[in-house]
Amino acid sequence: TAGAENLARARAAVAVVRPGDVLVCSGGGVAGPVPEARLLADAARELGWDGLIRLEDESGSTWENIERSVPLLGDAPRIVIVSEAVHAAKARRFLTRQRPDLAARLARATAPDGTDPLPSSGAWGTLMGLIDLLLAERVEGWARNSAQGLEGLRRLVASRG
(Lines give C-alpha, C1' and ligand atoms only; values in the text may rest on other atoms or scores of the structure.)
Protein backbone atom coordinates (compact mmCIF):
# COMPACT_ATOMS: atom_id res chain seq x y z
CA THR A 1 0.00 0.00 0.00
CA ALA A 2 1.02 3.60 -0.45
CA GLY A 3 3.10 5.14 2.32
CA ALA A 4 2.30 8.51 3.86
CA GLU A 5 4.11 10.49 1.13
CA ASN A 6 2.41 8.74 -1.78
CA LEU A 7 -0.95 8.77 0.00
CA ALA A 8 -0.64 12.57 0.39
CA ARG A 9 0.19 12.83 -3.33
CA ALA A 10 -2.83 10.69 -4.23
CA ARG A 11 -5.10 12.82 -2.02
CA ALA A 12 -3.83 15.96 -3.73
CA ALA A 13 -4.34 14.43 -7.18
CA VAL A 14 -7.91 13.40 -6.38
CA ALA A 15 -8.56 16.94 -5.11
CA VAL A 16 -7.31 18.42 -8.41
CA VAL A 17 -8.73 16.11 -11.09
CA ARG A 18 -11.97 16.99 -12.81
CA PRO A 19 -14.55 14.71 -14.38
CA GLY A 20 -13.23 13.64 -17.78
CA ASP A 21 -9.57 14.14 -16.82
CA VAL A 22 -7.00 11.40 -17.17
CA LEU A 23 -4.87 10.70 -14.12
CA VAL A 24 -1.30 9.71 -15.04
CA CYS A 25 0.50 7.95 -12.21
CA SER A 26 4.24 7.76 -12.64
CA GLY A 27 7.06 5.99 -10.86
CA GLY A 28 8.94 2.72 -10.98
CA GLY A 29 9.78 0.34 -8.18
CA VAL A 30 12.38 2.62 -6.63
CA ALA A 31 11.52 1.87 -2.99
CA GLY A 32 10.39 -1.73 -3.31
CA PRO A 33 9.00 -4.32 -5.69
CA VAL A 34 5.69 -2.53 -6.41
CA PRO A 35 6.04 0.46 -8.74
CA GLU A 36 5.08 3.82 -7.24
CA ALA A 37 2.68 4.32 -10.14
CA ARG A 38 0.65 1.27 -9.06
CA LEU A 39 0.63 2.40 -5.41
CA LEU A 40 -0.55 5.88 -6.44
CA ALA A 41 -3.24 4.50 -8.75
CA ASP A 42 -4.54 2.11 -6.08
CA ALA A 43 -4.63 4.92 -3.52
CA ALA A 44 -6.47 7.22 -5.93
CA ARG A 45 -9.11 4.51 -6.50
CA GLU A 46 -9.48 4.00 -2.74
CA LEU A 47 -9.93 7.76 -2.37
CA GLY A 48 -12.79 7.74 -4.88
CA TRP A 49 -11.27 8.50 -8.31
CA ASP A 50 -13.25 6.44 -10.83
CA GLY A 51 -11.93 8.07 -14.00
CA LEU A 52 -9.26 6.89 -16.42
CA ILE A 53 -5.80 6.16 -15.01
CA ARG A 54 -2.69 5.65 -17.13
CA LEU A 55 0.44 4.14 -15.58
CA GLU A 56 4.09 4.87 -16.24
CA ASP A 57 5.80 2.33 -14.03
CA GLU A 58 9.41 2.14 -15.21
CA SER A 59 10.96 5.50 -14.28
CA GLY A 60 13.59 5.80 -11.59
CA SER A 61 13.94 9.58 -11.36
CA THR A 62 11.90 12.74 -11.75
CA TRP A 63 13.53 13.33 -15.14
CA GLU A 64 12.37 9.88 -16.28
CA ASN A 65 8.91 10.42 -14.71
CA ILE A 66 8.44 13.31 -17.11
CA GLU A 67 10.17 11.73 -20.09
CA ARG A 68 8.08 8.56 -19.89
CA SER A 69 4.80 10.26 -18.97
CA VAL A 70 4.74 12.63 -21.95
CA PRO A 71 3.39 9.96 -24.35
CA LEU A 72 0.52 9.32 -21.92
CA LEU A 73 -0.60 12.94 -21.86
CA GLY A 74 -2.20 12.85 -25.29
CA ASP A 75 -3.96 16.08 -26.19
CA ALA A 76 -4.98 16.95 -22.64
CA PRO A 77 -5.83 20.67 -22.52
CA ARG A 78 -4.13 21.05 -19.14
CA ILE A 79 -1.27 19.31 -17.41
CA VAL A 80 -1.15 19.46 -13.63
CA ILE A 81 1.85 18.02 -11.82
CA VAL A 82 0.98 16.88 -8.32
CA SER A 83 3.65 16.25 -5.70
CA GLU A 84 5.23 18.19 -2.86
CA ALA A 85 5.59 21.84 -3.87
CA VAL A 86 9.34 21.85 -4.61
CA HIS A 87 9.22 18.44 -6.29
CA ALA A 88 6.30 19.60 -8.45
CA ALA A 89 8.29 22.72 -9.41
CA LYS A 90 11.23 20.51 -10.36
CA ALA A 91 8.97 18.29 -12.48
CA ARG A 92 7.40 21.34 -14.20
CA ARG A 93 10.90 22.61 -14.97
CA PHE A 94 11.91 19.24 -16.40
CA LEU A 95 8.78 19.16 -18.59
CA THR A 96 9.64 22.65 -19.85
CA ARG A 97 13.21 21.54 -20.63
CA GLN A 98 12.18 18.31 -22.32
CA ARG A 99 9.07 19.50 -24.14
CA PRO A 100 8.76 23.30 -24.20
CA ASP A 101 5.75 22.90 -26.49
CA LEU A 102 3.82 21.36 -23.60
CA ALA A 103 4.73 24.05 -21.06
CA ALA A 104 1.82 26.22 -22.21
CA ARG A 105 -0.55 23.49 -20.99
CA LEU A 106 0.87 23.44 -17.45
CA ALA A 107 -1.68 24.48 -14.84
CA ARG A 108 -1.41 25.03 -11.09
CA ALA A 109 -2.57 22.29 -8.78
CA THR A 110 -5.69 23.91 -7.40
CA ALA A 111 -8.68 22.23 -5.78
CA PRO A 112 -12.20 23.31 -6.82
CA ASP A 113 -12.44 25.53 -3.72
CA GLY A 114 -9.29 27.41 -4.85
CA THR A 115 -6.95 25.93 -2.27
CA ASP A 116 -3.55 24.41 -3.00
CA PRO A 117 -3.78 20.72 -2.04
CA LEU A 118 -0.09 19.91 -2.53
CA PRO A 119 1.41 18.11 0.46
CA SER A 120 4.31 19.61 2.37
CA SER A 121 7.63 17.83 2.65
CA GLY A 122 8.53 19.76 5.81
CA ALA A 123 11.37 22.21 6.29
CA TRP A 124 14.15 19.66 5.80
CA GLY A 125 12.53 18.11 2.72
CA THR A 126 11.90 21.54 1.23
CA LEU A 127 15.52 22.56 1.79
CA MET A 128 16.83 19.35 0.24
CA GLY A 129 14.40 19.74 -2.66
CA LEU A 130 15.57 23.29 -3.32
CA ILE A 131 19.21 22.17 -3.29
CA ASP A 132 18.35 19.35 -5.68
CA LEU A 133 16.48 21.75 -7.98
CA LEU A 134 19.42 24.17 -7.96
CA LEU A 135 21.86 21.36 -8.79
CA ALA A 136 19.56 20.14 -11.57
CA GLU A 137 19.68 23.62 -13.07
CA ARG A 138 23.41 24.24 -12.60
CA VAL A 139 25.19 20.87 -12.87
CA GLU A 140 25.06 19.16 -16.26
CA GLY A 141 23.76 15.61 -15.85
CA TRP A 142 22.36 16.09 -12.34
CA ALA A 143 18.73 16.10 -13.52
CA ARG A 144 19.01 12.60 -14.96
CA ASN A 145 20.96 11.10 -12.07
CA SER A 146 19.92 12.82 -8.84
CA ALA A 147 17.27 10.31 -7.79
CA GLN A 148 19.66 7.41 -8.26
CA GLY A 149 21.43 8.12 -4.96
CA LEU A 150 25.07 7.15 -4.62
CA GLU A 151 24.99 5.14 -7.87
CA GLY A 152 23.71 8.21 -9.73
CA LEU A 153 26.46 10.32 -8.20
CA ARG A 154 29.04 7.71 -9.30
CA ARG A 155 27.65 7.78 -12.85
CA LEU A 156 27.75 11.56 -12.89
CA VAL A 157 31.37 11.65 -11.71
CA ALA A 158 32.37 8.88 -14.14
CA SER A 159 30.80 10.78 -17.05
CA ARG A 160 33.02 13.74 -16.25
CA GLY A 161 36.21 11.67 -15.88
Shared hydrophobic cluster for L55 and V17 (ILVMFWY, side-chain gaps under 4.5 Å):
yes
Is any side-chain heavy atom of V70 closer than 4.5 Å to a side-chain heavy atom of L95?
yes
Which value, rounded to the nearest 0.5 Å, describes the distance between K90 atom NZ and I66 atom CD1?
10.5 Å
Would you say D57 and R38 make side-chain contact, with heavy atoms under 4.5 Å?
no
How long is the span from the CG atom in L7 to the CG atom in L47, to the nearest 0.5 Å?
6.0 Å
Could you walk me through whether S26 and E56 pass side-chain hydrogen bond (donor to acceptor under 3.5 Å, both in side chains), step by step?
CA-CA 5 Å; S26 179; E56 177 291 299; 2.5 Å; yes
Donor-acceptor contact below 3.5 Å, side chain Q98 vs main chain W63
yes
Any F94 side-chain heavy atom under 4.5 Å of E67 side chain
no
Taking the side chain as everything from C-beta on, heavy atoms only, tell me whether D21 gets closer than 4.5 Å to V80.
no
Please round to the nearest 0.5 Å and tell me the distance separating atom CD1 of I53 and atom CG of D42.
8.0 Å
Say you draw a straight line from OG of S69 to CG of L102; how long is it, rounded to the nearest 0.5 Å?
11.5 Å
Under the criterion side chain to side chain contact (heavy atoms under 4.5 Å, CB included), I'd like the reasoning laid out for L73 against R105: C-alpha separation, chi angles, the key distance, then a yes or no.
CA-CA 11 Å; L73 300 175; R105 297 184 348 201; 4.3 Å; yes
Under 3.5 Å: donor-acceptor pair, side chain of R54, backbone of L72:
yes
Within a strict 4.5 Å, meaning less than it, do heavy atoms of the H87 and R9 side chains meet?
yes
Is it true that I81 and V24 fall in one hydrophobic cluster, defined by side-chain heavy atoms closer than 4.5 Å?
yes
Value rounded to 0.5 Å, distance of CZ in R45 from CG in L23:
8.0 Å
Please indicate whether R108 has more than 12 foreign heavy atoms, meaning atoms of other residues, nucleotides or ligands, lying under 6.0 Å from its CZ.
no
Once you round to the nearest 0.5 Å, how far does CZ of R99 lie from CD1 of I79?
8.5 Å
Nearest heavy-atom neighbours spanning A43 and A10:
CB-CB, 3.6 Å
